[in-house]
Protein chains: 2
Amino acid sequence: MANTTANSTQKECSAGMLPIKDALTLLSGKWKIPIIMSLSFGGKRFKEITKEVVGLSDKVLAKELKELEENYLISRTALDTFPPTVAYEITAHGRTLEKVILELKNWGLQHRKMVTGK
Amino acid sequence: MANTTANSTQKECSAGMLPIKDALTLLSGKWKIPIIMSLSFGGKRFKEITKEVVGLSDKVLAKELKELEENYLISRTALDTFPPTVAYEITAHGRTLEKVILELKNWGLQHRKMVTGK
DNA sequence: CGGTATCCCCATTGATACTG
DNA sequence: CAGTATCAATGGGGATACCG
């Protein structure tokens with residue numbers, strides 16, 4: 001039962017941590033947010049994403065897109081053309097990330113000012 | 001001005017990405033935000049953090065604390081006692097992360113509902 | 001207690017080649 | 001074009017031991 005020590009901390013922390021761990025597990029890493037941002041300006045094809053997100057390889061992009069799709073953040077639509085055309089778009093759920101990304105951006109700006117000595 | 005083409009996308013994207021990349025580079029990974037959250041409830045000692053943040057090893061904690069300190073997010077105070085006592089605290093700048101963390105938490109909750117089928 | 005040093009492993013990445 | 005297959009290399013993380 002109760003932890004008698006410095007424990008409301010313990011409790012509140014583990015309780016509050018869950019959704020944050022979820023979010024972190026999914027979004028952490030160098031590429032997912034850049035990919036989502038790239039798509040948030042408009043749907044794109046595979047190759048277009050690799051061009052916009054500098055340093056991102058085909059293999060990694062394929063893996064990231066798969067994870068993002070499995071998590072309902074983007075949609076994938078393959079057209080039966082030749083050569084193949086595949087359109088990636090952000091979903092409504094993906095758009096709910098915009099607030100998070102905005103906060104991240106604001107904080108990044110603030111942090112940069114702090115580090116560079118204002 | 002009508003940037004109706006994909007060019008504006010390119011420009012806006014790389015411009016807006018910078019602070020986000022900064023933030024991501026610093027905060028990405030499994031541990032930094034959990035550590036900051038743990039400290040946001042009150043200053044703690046090394047061992048106390050390892051107890052609160054489940055799964056975090058000594059080696060990794062030492063590395064993470066170093067990075068957080070270098071980025072002015074936490075402060076480290078060593079007391080000259082035996083056995084040694086070291087107090088870690090969140091800084092004012094570290095507290096500016098609270099909004100980001102809150103958004104992350106809200107989003108994590110929302111995402112979990114979505115994935116578990118509401 | 002608060003770490004560092006060392007070894008070791010395996011997961012992620014890069015490079016390259018290939019296919020529908 | 002939109003990926004997959006394969007191989008090799010790198011390094012981050014666990015386990016353990018040790019030190020001030």
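Please read these numbers as outputs of a predicted model, since none were measured by experiment. Residue numbering restarts at 1 for every chain, and letters A, B, ... go by the order of the sequence lines.
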Does [X] have a side-chain nitrogen or oxygen under 4.0 Å from the phosphate oxygens OP1 or OP2 of [N]?
| X | N | value |
| --- | --- | --- |
| A/Lys63 | C/dT13 | yes |
| A/Thr85 | D/dC1 | no |
| A/Ser57 | C/dG14 | yes |
| B/Tyr88 | C/dG3 | yes |
| B/Arg45 | C/dG3 | no |

Quiz prompt | For the student: nearest non-hydrogen atoms of B/Leu109 and A/Pro19, plus distance | solution =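 Smallest heavy-atom distance, with atoms named: N-CB, 3.6 Å.
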Whole angstrom is fine here: how far is it from [atom1] in [X] over to [atom2] in [N]?
| X | N | atom1 | atom2 | result |
| --- | --- | --- | --- | --- |
| B/Phe82 | D/dC19 | CZ | P | 14 Å |
| B/Lys32 | D/dG12 | NZ | P | 11 Å |
| B/Lys59 | C/dC1 | NZ | P | 21 Å |
| A/Glu67 | D/dG3 | CD | P | 15 Å |
| B/Glu69 | C/dG2 | CD | P | 15 Å |
| B/Glu48 | C/dG3 | CD | C1' | 16 Å |
| A/Asp80 | D/dC1 | CG | P | 17 Å |
| A/Lys30 | D/dG11 | NZ | C1' | 13 Å |

Quiz item: B/Pro83 side chain: which of D/dA2, C/dC1, C/dG14 is closest?
Solution: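 Output: C/dC1.
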Quiz prompt | Nearest listed nucleotide, side chain of A/Val86, among D/dA2, C/dG3, D/dT4 | solution =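 Output: D/dA2.
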Quiz item: Quick one: does B/Leu27's side chain get under 4.5 Å of A/Trp107's, heavy atoms only?
Solution: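 Yes, their side chains come closer than 4.5 Å.
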Practice problem: Assign B/Lys66 to base, sugar-phosphate, or nothing according to its heavy-atom contacts below 4.0 angstrom with the strands shown. | Solution: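 Result for B/Lys66 = sugar-phosphate.
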Quiz item: Side-chain heavy atoms under 4.5 angstrom apart, residues restricted to Ile, Leu, Val, Met, Phe, Trp, Tyr: same cluster for A/Met114 and B/Ile20?
Solution: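 As far as the 4.5 Å side-chain criterion goes, B/Ile20 and A/Met114 are not connected within one cluster.
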Exercise. Could you label the plane-to-plane angle of the A/Phe46 and A/Tyr88 rings as parallel, tilted or perpendicular, counting under 30° as parallel and over 60° as perpendicular?
Key: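 Rings of A/Phe46 and A/Tyr88: tilted, as their planes differ by 30° to 60°.
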Quiz item: Between B/Glu98 and B/Arg95, is there a side-chain N and carboxylate O pair less than 4.0 Å apart?
Solution: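 Salt bridge between B/Glu98 and B/Arg95, a charged N being under 4.0 Å from a carboxylate O: yes.
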